[in-house]
Amino acid sequence: MRRFSVYDSMSREVRPFVPISPPRVGLFVCGLTPQDEAHVGHARTFVFFDVVARALGRWGYRVLSVQNVTNLDDKVIERAAASGADPLALSDRNFRAWRRSSEELGIRTVNYFPYATDYIPEILAQIRGLIERGYAYASAGSVYYTVAKFAKYGALSGQRTDALRPGARIEVDPAKRAPEDFAVWKAATPGEPAWESPWGPGRPGWHIEDTAITLRLFGPRYDLHGGGLDLIFPHHESEIALAEGATGEAPLVNYWMHGGMLTMRGEKMSKSLGNVVPLADALREHGPMVLRFYYLNAHYRSPLDFDREKSLAEAREAYATLSLPADRLAEILGRERPEGSATGEAPAELVAAAGALADRLDATLAEDFNTREAIALLFGWSRTLAPRLDRLEQLSDAALEELRSPYRWGEEVLGLFVREPVGSEPLAPVVEATIAARARARGRGDYAEADRIRAELSAAGIELEDRGGATRWHPVRRS
RNA sequence: GCCGAGGUGGCAGAAUGGUUAAUGCGACGGACUGCAGAUCCGUUUCCUGGGGGUUCGAUUCCCUCCCUCGGCUCCA
């Protein structure tokens, strides 16, 4: 198992990672509340944690990755009521749409996506435990957490409850003993989904579904908890209070990881600001590789500003440069080559460099997942290969694979260099014939006809590239 | 007000107590081309928010001020 370090929001420093029971690692990431469609800000966080899980897997850990789905909360109910939909059906629909997008994005490391409402028995059991231990009380059909009882409340966020602006956004609730107390069980309102409980019909409050899930799947303590920076308070703070209060064991989590926000012209992307770019739109316009590249091209803890006109266009250009040698290698390797025609060996210094690069890539990522630095290293490799691309044809498969190994790393860990199926294979004969016609036109100096054919193919989504007397073609890049 | 994260070239965005502060985008020049695009090569000196301090040396460590963003019970 490779050693690595990670920034822990609780201690506010980069610390060496020590697993609780190696090689297993429990990773819990706060997932979506699918009140609406997912946007590009959400995807940033989840792509990053996908890379974390991929890296740990590569390094020999056995990761159990769980992402909860808060499929019922005030917002879901509110949104459903506005459209006359059933709340659970609405969140289910949005979640399924997110899963389609996330699969397209190559997010493939999450083992479970538990729905909050599938854990009602666990939630009720936890609430009973909290009441027995004096951390919660029933009042008017609801149950509230006694924040004052949990001395460590505020350790993660640095917030002190007595400093919270009273009444800022805290609902004034006469059933609560103290304003900072929060609901772990909410008394049912007619027309809303509700479950029976010792305190009457109701539904779970926020925060508690996560601890119910992790207590069940990981036990009272686990390794890594991730999420967006905006969840630190009150959500993660409250999770700690709920779990440690219920079990008496601490700490709930050994390392808290928080991803920076994606901003839009300096402001956080959120529905209420009206500056949301739906993930599905960005995927359609630029494809998954460009988006992944864009996210991973910044450090995960830095804020990343998203400019709808510029950001992904720039990422597209940069990714094209980065991936061109990778594509060429894959293309040659995927082609049938006559027996004995390609036996060349790669220069020894290149092979050595490729091997050394893999180590450097792992080492870079092992320092708090510096994906940006890893990408810079991969750019270096592409610069090395780019001028030699035309000499690759003679190399043996084994030699080509050696030169490809840094890109294989990028594919395995970063999820880049995955070639999109273009569905153009059946077109190939037609395109080749058209190109041949253009070549004949060029041969007799009829450039008007040649350019007409080129423009026609371009309009059909095929770009031509004249080099060294031959003409290559490829599907036009998405723009 | 309190808590937290940031401020780096035209732009995006890394890193480090120490030679020319990475990488990319863009721009400019060249090669290639019938032309264009794509590609390849080269150039892009003057960039670390302001002010103090520690140090032989600070972008990095400390203090302070300014600005931006996030959180302060809906948030990835």
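All chains are named by letter (A, B, ...) in the order of the sequence lines, taking the proteins before the strands, and each is independently numbered beginning at 1.
Of all nucleotides listed (rG13(B), rA15(B), rC35(B)), rG13(B) comes nearest to the side chain of A298(A). Taking every side-chain heavy atom of E314(A) into account, rC11(B) is the closest of rA15(B), rC11(B), rA36(B). Nearest nucleotide to the side chain of P303(A), out of rG70(B), rG6(B), rU73(B): rG6(B). The side chain of E317(A) has rC25(B) as its nearest neighbour among rC25(B), rA76(B), rA14(B). In this structure, the nucleotide among rU73(B), rA76(B), rC2(B) sitting nearest to the side chain of L231(A) is rA76(B). The nucleotide whose nearest atom lies closest to any side-chain atom of R12(A) is, among rG4(B), rC72(B), rA36(B), rG4(B). Comparing rA36(B), rG4(B), rA14(B) against the side chain of H299(A) picks out rA14(B) as the nearest. Each of rA76(B), rC11(B), rG34(B) was ranked by its minimum atom distance to the side chain of A450(A); first place goes to rG34(B).
Between rU23(B) and rA14(B), the two P atoms lie 15 Å apart (nearest whole Å). Distance check on atom C1': rC11(B) versus rA27(B) gives 11 Å, rounded to whole Å. Comparing rG50(B) with rU68(B), their C1' atoms are spaced 15 Å from each other, to the whole Å. Taking the C1' atoms as reference points, rA22(B) lies 23 Å from rC61(B), given to the whole Å. The gap from the C1' atom of rU54(B) to that of rC46(B) amounts to 29 Å, rounded to the nearest Å. Straight-line distance between the P atoms of rC67(B) and rA76(B): roughly 31 Å, to the nearest whole Å. Rounded to a whole angstrom, the distance from the P atom of rA31(B) to that of rA12(B) is 34 Å.
With the 3.5 Å cutoff on both pairing distances, Watson-Crick and G-U pairs in RNA chain B assemble into runs of at least 3 at B:1-7 with B:66-72, B:10-12 with B:23-25, B:26-31 with B:39-44, B:49-53 with B:61-65.
Note: NE2 (H236(A)) to P (rU73(B)) measures 17 Å, nearest angstrom. Rounded to whole Å, the distance from CZ on F113(A) to P on rA76(B) is 14 Å. We find that CG of L377(A) is positioned 15 Å from C1' of rG13(B), with the value rounded to whole Å. Atom CG in L262(A) sits roughly 13 Å away from atom P in rA76(B) (whole-Å rounding). Counting to the nearest Å, the P atom of rC32(B) and the CZ atom of R442(A) are 15 Å from each other. Between the CG atom of D230(A) and the P atom of rG70(B) there is a distance of 10 Å, given to the nearest Å. If you take CD1 of I375(A) and P of rC25(B), they are 13 Å apart, rounded to a whole angstrom. Atom CG in D390(A) sits about 13 Å away from atom P in rU33(B), given to the nearest Å.
Note on Y7(A): only backbone sugar-phosphate atoms sit closer than 4.0 angstrom, heavy atoms only; bases stay farther off. Here G31(A) lies in heavy-atom contact (under 4.0 Å) with sugar-phosphate atoms only. Within 4.0 Å (heavy atoms only), R383(A) reaches sugar-phosphate atoms of the nucleic acid but no base atom. Among the protein residues, R438(A) comes within range of the nucleic acid bases, having at least one heavy atom under 4.0 Å from a base atom. Within the nucleic acid shown, T33(A) comes within 4.0 Å of sugar-phosphate atoms alone, with no base atom in reach, counting heavy atoms only. Within 4.0 Å of F379(A), counting heavy atoms only, lie sugar-phosphate atoms of the nucleic acid but no base atom. S9(A) comes within 4.0 angstrom of nothing in the nucleic acid, heavy atoms only. Using a 4.0 Å heavy-atom cutoff across all strands shown, G227(A) reaches sugar-phosphate atoms only and no base atom.
One finds the CZ atom of R328(A) at 7.5 Å from the CD atom of E393(A) (value rounded to the nearest 0.5 Å).
Taking the six-membered ring for Trp and thresholds of 30 and 60 degrees, F379(A) and F293(A) have ring planes more than 60 degrees apart, a perpendicular arrangement. Relative ring orientation between F46(A) and W98(A) is described as tilted, the plane-to-plane angle lying within the 30° to 60° band.
Side-chain N/O atoms of N370(A) and T364(A) include no donor and acceptor closer than 3.5 Å. For the 3.5 Å distance criterion, the side chains of H236(A) and H207(A) fail to qualify, holding no donor opposite an acceptor. In this structure, a donor-acceptor pair under 3.5 Å is present between the side chains of T70(A) and E209(A).
Atom CZ of R360(A) has 12 or fewer neighbouring heavy atoms from other residues, nucleotides or ligands inside a 6.0 Å radius. Within 6.0 Å of atom CZ in R96(A), 12 or fewer heavy atoms from other residues, nucleotides or ligands are found, so the atom counts as exposed in its surroundings.
Residues passing the side chain to side chain contact (heavy atoms under 4.5 Å, CB included) test with D362(A), sequence neighbours excluded: R2(A), R58(A), W59(A), W409(A).
Taking the six-membered ring for Trp and the full ring otherwise, the centers of F369(A) and F4(A) sit less than 6.0 Å from each other. Aromatic pair Y7(A)/Y255(A): centroids not less than 6.0 angstrom apart.
Within the structure, every side-chain polar atom (N or O) of Y319(A) is placed at least 4.0 Å from both OP1 and OP2 of rC25(B). In this model, the phosphate group of rG24(B) is not approached by any side-chain N or O of N297(A) to a distance below 4.0 Å at OP1 or OP2. Within the structure, every side-chain polar atom (N or O) of R454(A) is placed at least 4.0 Å from both OP1 and OP2 of rC35(B). Here T321(A) does not reach the OP1 or OP2 of rG24(B): none of its side-chain N or O atoms lies under 4.0 Å away.
Residue whose closest nucleotide on RNA chain B sits further toward the 5' end, between P387(A) and D305(A): D305(A). Both I232(A) and L304(A) lie near RNA chain B, and the one whose nearest nucleotide falls closer to the 5' end is I232(A).
Where stacking is scored as ring centres under 5.5 Å apart with planes under 30°, Y447(A) registers as stacked on the base of rG34(B).
Taking 3.5 Å as the limit, the base of rC40(B) and the side chain of R388(A) contain no donor-acceptor pair of atoms between them. If you check distances only, the side chain of R372(A) never reaches the base of rA15(B) with a donor-acceptor pair under 3.5 Å. Residue side chain D451(A) reaches the base of rG34(B) through a donor-acceptor N/O pair under 3.5 Å, judged by distance alone.
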